[in-house]
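Below: one structure, written as structure tokens.
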Amino acid sequence: MALMSVAEAMRAKPGGRVKVRGWVRTRRDSKAGISFVAINDGSCFDNLQLVVPKELANYEKEVLHLTTGCSLEAEGELVASQGQGQSVEVKADRLTVVGWVEDPETYPASAKRHTFEYLREQAHLRVRTNTFGAVARVRNCLAQAIHRFFHERGFVWVHTPIITASDCEGAGAMFRVSTLDMMNLPRTRPEPGKPAPAPRPGHPASDIDYGQDFFGKESFLTVSGQLNVETYCCALSKVYTFGPTFRAENSNTSRHLAEFWMIEPEIAFADINDDATLAEEMLRYLFRAVLEERPDDMKFFEERIDKDAVTRLRHIIDKPFLRLPYTEGVEILQKAAKAGRTFEFPVEWGKDLQSEHERYLTEEHFKQPVILMHYPKAIKAFYMRLDDGCAPGRETVAAMDVLVPGIGEIIGGSQREERLERLDRRLDEMKLDKAAYWWYRDLRRYGTVPHAGFGLGFERLIQFVTGMQNIRDVIPFPRAPKQAEF
RNA sequence: UCCCCGAUAGCUCAAUGGUAGAGCGAGCGGCUGUUAACCGCUAGGUUCAAGGUUCGAGUCCUUGUCGGGGAGCCA
């Protein structure tokens, strides 16, 4: 007898004997002397219907008391279903209850609709619901497809460190990593005659002796693998990272997490246009993969979560992304404002675009993904390459943001400044300590090469694909301010 | 962190400052190759916490906690 997953049983030809295992979703009894028990084992979206006759020895005592959430194992013949709603079912001649639900009244994933807010507080059980099971499978499908996409193109997956002591990643507040005794912090002795060093921004106490800490210096959880992966890029040519990332920002939005996963490819001998092309091809590859591999889950998202979930992806697969210089984006927005479209914040060249501006461009004006490129250098990071031939006062850098309807920024990337003297000038302008970037600068001293890369927020990608509105519902155990229960 | 809204049965929500209710879920029964089943009955409450106003607070006020929407930071 074949032990089958629910997915395998659904695909199998009726006739043979099977053994299946799973958790009860619903039980319906018929006085014709049978019960219908729908079980799910996570292998696919659909449930498998067990038809259980009253002749089974444990029918009265056990089968009739099965409730949502009970785990069981059953054997029987796989047959074509007599009812509507499923093609095959299992005519059970043995059913063994593996685990009972001790109190069906309070079982948090009971057979009724629950809000996502409530289920978030039951994160250990919410994956037993239709929605979160589907999210989990789509998330896995996308992760596998990302590795496949890069592997097929000769990219090397680089495991950049989670812990970093460099403090020069420059992408927001960081979580400190320390083994120092917080109740008894070692202090540096001020040098005689010299005042204590001034506290640095984001560093409350300046006289803590991090020399005694585990790494001998201040250390943090990474906010980006980019700087590290650039080093591997400048040797292996095509690389990417895919791992967790941490931001200690006090962000309370449906698009931010304190711990999230990010994909950061980096390509050598490449410019910003190559970068944008890579981003576009990658997204298209991923959308195609999820439609092919998870049609069951995507159908659910389309029916119950977001009616555009599938058509949106189809549309993108067929059509090239729009590429637009920041300057032209500003002109479009200003024209719209003049024509009567009201924005809370004014649009002005040189200022970063607000969420409402990005959304207008991608959701209203173009109604499709837009790659905005060449942003003013003043609003972008030090490592982004200064564009050649800029008008005075209108210097831009080779940055790009991929904006998509509903989410906004899903990808941020740039061509990196490969010219040492320009990089140094930028470090000086932004008052950054060149010495701290010594190994990053070395890349520009020894065989420098134009290169570019981007960061794709994995959870934002899942949001876009599934139509799930809150980012906390597309990661198994969300980490956000005041939220780390599980 | 800022602005707005919210917290009442297991869940989703009602309740003019005056006896806390419904739907779903759950339990029991009826009916049925059922499948968002249907019909009947039953149980189920420290109204988020602390303080205040009042003869009387789920309701009004203050503070706090947590949640949601929006903004900022970004992916």
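Proteins come first, then strands; the chains are lettered A, B, ... in the order of their sequence lines, and each starts at number 1.
- For T362(A) (side chain) and E358(A) (main-chain N/O), no donor-acceptor pair under 3.5 Å exists by modelled atom type.
- Backbone-only contact: Q354(A) has heavy atoms under 4.0 Å from sugar-phosphate atoms and none from a base.
- Close placement of the H147(A) and Y240(A) rings is indicated, their centers lying within 6.0 Å of each other.
- Atom CD in E356(A) sits about 14 Å away from atom P in G70(B), given to the nearest Å.
- Where S81(A) and E344(A) meet RNA chain B, the nucleotide closest to each residue was compared, and S81(A) sits on the side nearer the 5' end.
- Within 4.0 Å (heavy atoms only), G83(A) reaches at least one base atom of the nucleic acid.
- When heavy atoms are screened at a 4.0 angstrom cut-off, I410(A) is found touching the sugar-phosphate backbone but no base atom.
- Dashed line: the shortest gap from a side-chain N or O of S30(A) to OP1 or OP2 of G33(B) is under 4.0 Å.
- Backbone-only contact: T115(A) has heavy atoms under 4.0 Å from sugar-phosphate atoms and none from a base.
- The same atom, P, is picked in C39(B) and in U62(B); the two are 46 Å apart, to the nearest Å.
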Look for any protein N or O under 3.5 Å of an N or O in nucleotides 22-30 of chain B and output each such pair with its distance, or none.
residue	atom	partner	partner atom	Å
G25(B)	N2	E105(A)	OE1	3.0
G25(B)	N2	E105(A)	OE2	2.2

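- For the P atom pair drawn from C66(B) and G27(B), the interatomic distance equals 35 Å after rounding to whole Å.
- In terms of polar N and O atoms assigned as donor or acceptor, the side chain of R28(A) never comes within less than 3.5 Å of the base of C38(B) in a complementary pairing.
- Residue E89(A) is classed as a base contact, given a heavy-atom separation below 4.0 Å to a base.
- Distance noted for atom C1' between G45(B) and C11(B): 14 Å (whole Å).
- The side chain of D29(A) approaches U32(B) more closely than any other nucleotide in the set G33(B), G10(B), U32(B).
- Rounded to a whole angstrom, the distance from the P atom of C3(B) to that of G64(B) is 12 Å.
- Electrostatic pairing of E429(A) and K377(A) counts as a salt bridge here, judged by a charged N lying under 4.0 Å from a carboxylate O.
- Within the 4.5 Å cutoff, the side chain of Q86(A) has no heavy atoms near those of the M10(A) side chain.
- Screening Q415(A), Q226(A), R426(A) for a side-chain hydrogen bond (donor to acceptor under 3.5 Å, both in side chains) with Y383(A), the sole residue that qualifies is Q226(A).
- The separation between F116(A) atom CZ and G69(B) atom P is 12 Å, rounded to whole Å.
- If you measure from atom CD of Q82(A) to atom P of U32(B), you get 17 Å, rounded to the nearest angstrom.
- In terms of modelled atom types and a separation under 3.5 Å, the side chain of Y326(A) and the main chain of L353(A) share no donor-acceptor contact.
- No side-chain donor-acceptor contact under 3.5 Å links E266(A) to the backbone of C233(A).
- With both ends at atom P, the span from U65(B) to U12(B) equals 23 Å, rounded to whole Å.
- In this structure, CD of Q483(A) is placed 10 Å from C1' of G67(B), rounded to the nearest angstrom.
- Taking atom NZ of residue K91(A) and atom P of nucleotide U34(B), one finds them 16 Å apart after rounding to whole Å.
- Atom pair F458(A):CZ and C74(B):C1' shows a separation of 18 Å (rounding to whole Å applied).
- Ring stacking holds between F260(A) and A75(B), with the centres under 5.5 Å apart and the planes within 30 degrees of each other.
- Taking 4.0 Å as the cut-off between side-chain N and carboxylate O, K299(A) and E303(A) count as a salt-bridged pair.
- Residue contacts shown for E117(A) are limited to sugar-phosphate atoms, with no base heavy atom under 4.0 Å away.
- Look at S355(A) and you'll find a side-chain N or O under 4.0 angstrom from OP1 or OP2 of G72(B).
- Rounded to whole Å, the separation between the P atoms of A50(B) and A37(B) comes to 40 Å.
- Among the heavy atoms of the strands, none lies under 4.0 Å from E459(A).
- C61(B) and C24(B) have their P atoms separated by 34 Å, with the value rounded to a whole Å.
- Distances were taken from every side-chain heavy atom of Q86(A) (C-beta onward) to each of U35(B), U1(B), G68(B); the shortest belongs to U35(B).
- No engagement by T26(A) is indicated, since no non-hydrogen atom pair under 4.0 Å with the nucleic acid exists.
- Phosphate contact (OP1/OP2 of C2(B), side-chain N/O of N250(A), threshold under 4.0 Å): absent.
- Between V88(A) and S81(A) there is no side-chain heavy-atom pair separated by less than 4.5 Å.
- Ranking U1(B), U34(B), G72(B) by closeness to the T253(A) side chain, first place goes to G72(B).
- The shortest side-chain heavy-atom distance between E395(A) and L386(A) falls under the 4.5 Å cut-off.
- One can place CG of N252(A) at 9 Å from P of G68(B), the figure rounded to the nearest angstrom.
- Looking at heavy-atom distances under 4.0 Å, I411(A) makes contact with sugar-phosphate atoms alone, never a base.
- D387(A) and R385(A) are not joined by a salt bridge, as no carboxylate oxygen comes within less than 4.0 angstrom of a charged side-chain nitrogen.
- Taking atom P on both G67(B) and G23(B), the two are 32 Å apart, rounded to the nearest angstrom.
- Judged by atom type and distance alone, E249(A) does not reach the base of U1(B) through any side-chain donor-acceptor pair under 3.5 Å.
- Counting to the nearest Å, the C1' atom of C74(B) and the CE atom of M384(A) are 11 Å from each other.
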Requested in this report: Under 3.5 Å for both distances, Watson-Crick or G-U wobble, that's the pair rule; now give the dot-bracket for RNA chain B, with | marking pairs to another strand and [ ] for crossing ones.
Outcome: (((((((..((((....[..)))).(((((.......))))).....(((((..]....))))))))))))....
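- Checking G10(B), G33(B), G67(B) against the side-chain heavy atoms of Y118(A) singles out G10(B) as nearest.
- Considering only side-chain N and O atoms, S254(A) lies under 4.0 angstrom from the phosphate OP1 or OP2 of G70(B).
- For N470(A), counting side-chain heavy atoms from C-beta on, the closest listed nucleotide (G10(B), G68(B), U34(B)) is G68(B).
- Note on N47(A): nothing from the nucleic acid sits closer than 4.0 angstrom, heavy atoms only.
- From E102(A), atom CD reaches atom OG1 of T67(A) across 11.0 Å, with rounding to the nearest 0.5 Å.
- Aromatic ring centres of F242(A) and F458(A) lie closer together than 6.0 Å.
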